[in-house]
Each structure stands twice: as structure tokens, then as C-alpha cells.
Amino acid sequence: MSSSKTIRSRSIWDDAHAMLEKAKAEGISTVWDRAAEQTPACKFCELGTTCRNCIMGPCRIANRKDGKMRLGVCGADADVIVARNFGRFIAGGAAGHSDHGRDLIETLEAVAEGKAPGYTIRDVAKLRRIAAELGVVDAATRPAHDVAADLVTICYNDFGSRRNALAFLARAPQVRRDLWQRLGMTPRGVDREIAEMMHRTHMGCDNDHTSLLVHAARTALADGWGGSMIGTELSDILFGTPRPRQSTVNLGVLRKDAVNILVHGHNPVVSEMILAATREPAVRQAAQDAGAADINVAGLCCTGNELLMRQGIPMAGNHLMTELAIVTGAADAIVADYQCIMPSLVQIAACYHTRFVTTSPKGRFTGATHVEVHPHNAQERCREIVMFAIDAYTRRDPARVDIPSQPVSIMSGFSNEAILEALGGTPKPLIDAVVAGQIRGFVGIVGCNNPKIRQDSANVTLTRELIRRDIMVLATGCVTTAAGKAGLLVPEAASKAGEGLAAVCRSLGVPPVLHMGSCVDNSRILQLCALLATTLGVDISDLPVGASSPEWYSEKAAAIAMYAVASGIPTHLGLPPNILGSENVTAMALHGLQDVVGAVFMVEPDPVKAADMLEAHIVARRARLGLTS
């Protein structure tokens, strides 16, 4: 295969192709190059049949020549080992998103105590509403900081071990909560479920694959209805609840005449303060003194989504564009917090003038400049980081700058509050559109990129297929950038939807793909499903809804998929998790969970076939509700 064909096979985007050509010419290795070097992959690892949970092994489970299954040293079979590995994978993902939520609790606590200069409570009304929902006394009348302190205590308690259920579980329909209780899936505390998952998978503990998978679901639910939901709601309280706004996307958002700062990771606590620092008159004057026309902040991955939906800050790219953003030669600083940040960025930044700065004690990178940011020092430290970027701008080599595209317009910021506001404060118009068949259903397309799949090909194709079939798409995380670059995040994209969905979009002035936030904000989709189900008096598993992560790669995506299924939402994955080495675990995921939680996993790499599968689930659920297909 020629070099140009190889490059085109890696991504569907022209800006990616241009930067891949530039990277090759400049001798820079990218994620695709390293992925190719890792082939062929270990089959035991792909199947999930390796175990290194103790040092009697490591063990590899396979069929013997006589057709019988080999056992691990301890006697564990493939079912147990696969379920153990999957449970730990889910625990890792739940820990990541939920620890993000904990950081927001700590920030709100610091604000309530007056120990976070520069931070404030931007949505006091939401603070009072959420506090009242969770049982804070006199939340409507007491001083906001006192209410915040009580809310902080409730949220901290959700991470502990003394509760029987998480506070936000009350949002789920009663029938779903009753089901979780019968199954032993009710999440009691975020940290408790994660710790118990690690305990269960220690040698000599839980050696029943069904039991392990039930607790994996419980662990994921603790994330979706606990840690992630806390992270979303407290982010809105601190930084503002998103409302629809215009912005732009792709590498074209970088500017030759400005200091370009790319914020990367997932936590808005840092990126919001970086943005604030760039708006200080003295800092802007420093940039001008250095010869720049302005300071330009743009986003990568989910911390970019956070700024996009609240502040209208443009998105430079998603997961597989992060290296290529540096290759433009125009990135003066990458400011990272944690999650989905490739270590390669440090090496690639060193090939240019780019300053790579880490800010979290949970996200140290060898070779990076580390400036630790906490609520009490964020204002000062973020100002320091912006000055690093201004200094780097003075060392930028104009001859190496290549910004390969023009920005594409997008509309973002569809929080549940914004959606309900557009509908007059009630979900009834949305339900009426579903009953009438104008909107046949909803699918949340979420998550990542994976170099095993041509970048964004599955994300974009699946999105186009679903809206064409009058199925509205709710997008979060890296899918946002994909849908935006494809022109699907503007009201004009109604022309690409089916007649019914297009009519609804035109009447409301919204795109057929609604951007609902970062990957932690999948909790917004859970809450919306719960609201629709409660309004209709049914379970979530009765709704014409589905979920998909066509190009997923991470533990967090697996946890999201698991809590979606456990909540009653059938979920498509473009690649299988590492469970295929167990026929029983695979059968339970693809079929058996239907009779347990009312939803299953679907694995299908072809996005058109995936659309067929999701549509079939939606048609079946519409029929159960007495609606036409």
C-alpha cells in the first residue's frame, strides 16, 4: 500500500491526513505507527484468558489437545478468569470517572469555605435545586455557601460505605430500583463497590462468573448514578449549566497570530481557570508584548468539551487528533489534567517549541513540566502556566507552522435543563414527538477513538445512519468532535435527517445530533431516560432508546457501557471487550442480560449493521409501548 493510501486509511479527515504527512516527513511517530508495531496481538490477552492476579502464575487458559480446557494454577477456569479481568476493567473505569467527581466535591467544598480564590458558584439556582432534591434543609432560603457545605457532605457520603443506596438513585424509576435491589445490584457507595470488586477478584474469593458480573454491574452503576452524576451536577453548579451556543471545531481553530493553548484531559477545575487567566488584562498585554495578537484557548478531548459547552471555546480535536495538534507547529502549550492523555505527547512536544504542562498529582508524565494545581492556588498557578505558553510563542518557528483546515461551525451545550427549557419546561412535547413517530427513538453515541478503526469512520457513519432513520442522536465526548467536523452539530443538518426528525429540529432550531457534554456527562443521558420513563410510568428498559460507543478503547467506556445496560439501555460496541475467551460470559453479555436487566450488549464493527441492530431494538420497544414502528 502506498504511503498516501496508508495515511488515508487511518482517518477520514483532511486535517488529519495533512498532519500525518507532515509527521512522516519530520520523522515523528504517531499512535498509528505504534499500533502497527504491536501486531500481531497476544491472542490470550485479546480473549481475556490471561491471569496475573497472583504470582503462582501468570496463567494462560486455552483448550488442550484433548479438547478440555486448561485450568489456571489455582484451578480457575476461563469463565472465572475472564469475569475477573472484566470486573477489574470495569472497576478501573468507574474509579476514573468517579474520582473526577470527587475532585468537583473538593472544589465546591473549598469554595464554600472561602479557600478557592477565583472560583465561585455560577449557578446558585441549580445549587439550591440539587441540594433540595438530595434532602438539604431550607435549601431555598439559607446562604448559598451554607447550602453548598451541606451538599458537599451528602456527596462525600456517596463515596463511603455506610449507605444502602446512592443519593441520586432516587432519580431512577421505582421499578428499576426494585429490580436492582432484587438482583443485589443497588450501588451503596462508589469507593465501596470499587474496593469490593478488587477484593472479589483476589485469588480465593468470588469464583462464580455470574456473581462477578453482577458486581461488575453494581460497580458501574455506582459510577453512572454516583461519581459521574456528581461530577456533572457539581460542574454545572460551579461553572454554569450549559445552554446552546455556537462555536467551531477542527485544527483550523488554531491561529498563526495568537498564543495557542490547548487544554487536554477531563477536569474543568483546571481548564476553567486557564481560560480565566488568559482574560486578565496584564496577561493579555504580556502576549501582545511578545508579538502575539491574542491568546487563543482551544480544547482537546473532554476538558475541551467542558469549555465548549459552557464557554463556547472551540475544539481542536478528539483523542486521535491530540498528537497531530502538536504537529501543526502552532501549539504553544498543552495543559493537561488527567485521563486519555497519551505519554507520547511529551516526546512530540519536545520536537517543537510546545510546552507540555501537567497539573494533577494523579497525572504525572516523565519529561513534562509539572505545575500542580489545587483550588487554593489555581488562580496563581494557571496564570504561571499561561506565561509559559507566551514564552514558548516567542520560540515558535513560523516555517514549521501548518494549520491545515478552516474551522467548521457547531452548536453545543444541550444540558437537560436547556432541553426542557426549549420544550416549555416539560418533556411532554418530546414524548408527543416520539408517540407520533417523528422521533422514533434516541441513541447516545459516546466515547473514544481507537487506532484499530479508521478514525471517526464508525462514529460518523453510525450517526448519519441513525438520524436518517428518524432516531435522534445524543453525543458526548470524542464523538462530539467527529459529529461537528461532519457538519452534524448545526440546525442545518436537519436536511440529513428523516422527515419526522427534520421537522422537529426545524421547529426547535436544533441539530438532529445534540451535544450533551463530556464523557462524564453520560449521566445527563441517564437522567433524561429516567425522566422520560417516570413521566410515562414505565421502566427505562421500555423506552425506545439505545447507546453506542463505536470506536471505544478505555476502561471508562466499558464502565459506561455496563451502567447503560444495567440501567436498561441496549448498548452497541464497535469492538468486543476482552471476554471472548469465555463462552458463558460472552453469552451472558450478548443474550443472558436481557432476561436479567432488560438490555444487552451488541458487538458489531460495521456501523450500518450496528444501526440496523439499534433500530431493531427501538422498533421492538415501540411495539411494546403500543407505538407504530
Side-chain angles (χ1 to χ4, degrees), residues 165 168-183 185-187 214 217-218 220-221 224-225 229 416 419-420 423 426-446 466 469-474 500-501 504 514 516 522-548 560-572 588-602 610-629:
F168 279 126
L169 284 190
R171 290 177 167 179
Q174 185 64 53
V175 62
R176 178 60 38 172
R177 284 180 276 154
D178 292 343
L179 174 64
W180 289 333
Q181 192 64 36
R182 289 196 302 273
L183 295 172
M185 280 187 189
T186 302
V214 167
R218 193 180 209 176
L221 288 168
W225 294 89
M229 198 166 283
N416 287 326
I419 292 170
L420 290 175
L423 297 172
T426 170
K428 188 175 183 305
L430 200 60
I431 292 170
D432 290 344
V434 173
V435 170
Q438 289 180 293
I439 300 176
R440 297 172 68 209
F442 304 88
V443 171
I445 304 184
V446 308
L466 291 172
R469 304 177 194 206
D470 288 319
I471 297 169
M472 179 171 267
V473 170
L474 312 175
L501 176 57
V504 172
L514 301 184
M516 296 192 75
N522 290 307
S523 58
R524 295 192 201 274
I525 300 175
L526 282 185
Q527 186 183 2
L528 181 60
C529 289
L531 176 62
L532 295 175
T534 300
T535 302
L536 289 169
V538 299
D539 194 2
I540 294 174
S541 60
D542 297 315
L543 295 176
V545 298
S548 174
I560 292 165
M562 179 59 97
Y563 71 61
V565 169
S567 297
I569 303 171
T571 299
H572 159 254
M588 188 170 183
L590 298 180
H591 309 291
L593 287 173
Q594 181 66 48
D595 295 330
V596 180
V597 295
V600 291
F601 290 95
M602 298 166 276
D612 292 340
M613 297 166 77
L614 287 162
E615 182 183 29
H617 278 276
I618 285 171
V619 168
R621 289 184 172 198
R622 288 182 64 86
R624 288 209 305 269
L625 292 171
L627 306 176
T628 59
S629 63

side-chain contact (heavy atoms from CB on, under 4.5 Å) between L179 and L183, worked out: CA-CA 6 Å; L179 174 64; L183 295 172; 3.7 Å; yes
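- Considering only heavy atoms from C-beta on, R621 stays 4.5 Å or farther from L627 through its side chain.
- Taking NE2 of H591 as the reference point, atom CE of M602 lies at 12.0 Å (rounded to 0.5 Å).
- Considering all non-hydrogen atoms of both residues, R622 and P544 come closest at CG-CB, 3.8 Å.
- Side-chain contact between V443 and L474: absent, with no pair of heavy atoms (C-beta onward) separated by less than 4.5 Å.
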K428/D432 under salt bridge (Lys or Arg N to Asp or Glu O under 4.0 Å): CA gap, chis, key distance, verdict: CA-CA 6 Å; K428 188 175 183 305; D432 290 344; 2.9 Å; yes
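- Scanning both residues, P427 and T535, for their nearest heavy atoms gives CG-OG1, 3.7 Å.
- When only modelled atom types and interatomic distance are considered, S541 and R176 share a side-chain donor-acceptor pair under 3.5 Å.
- Between N416 and L528, some side-chain heavy-atom pair lies under the 4.5 Å cut-off.
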Stepwise side-chain contact (heavy atoms from CB on, under 4.5 Å) test for L543 and V538: CA-CA 8 Å; L543 295 176; V538 299; 4.1 Å; yes
Working for side-chain contact (heavy atoms from CB on, under 4.5 Å), residues L514 and I419: CA-CA 9 Å; L514 301 184; I419 292 170; 4.2 Å; yes
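- In this structure, the side chains of T534 and L532 stay at 4.5 Å or more apart for every pair of heavy atoms.
- For the residue pair Q174 / R177, a side-chain donor-acceptor distance below 3.5 Å is found, with atom types taken as modelled.
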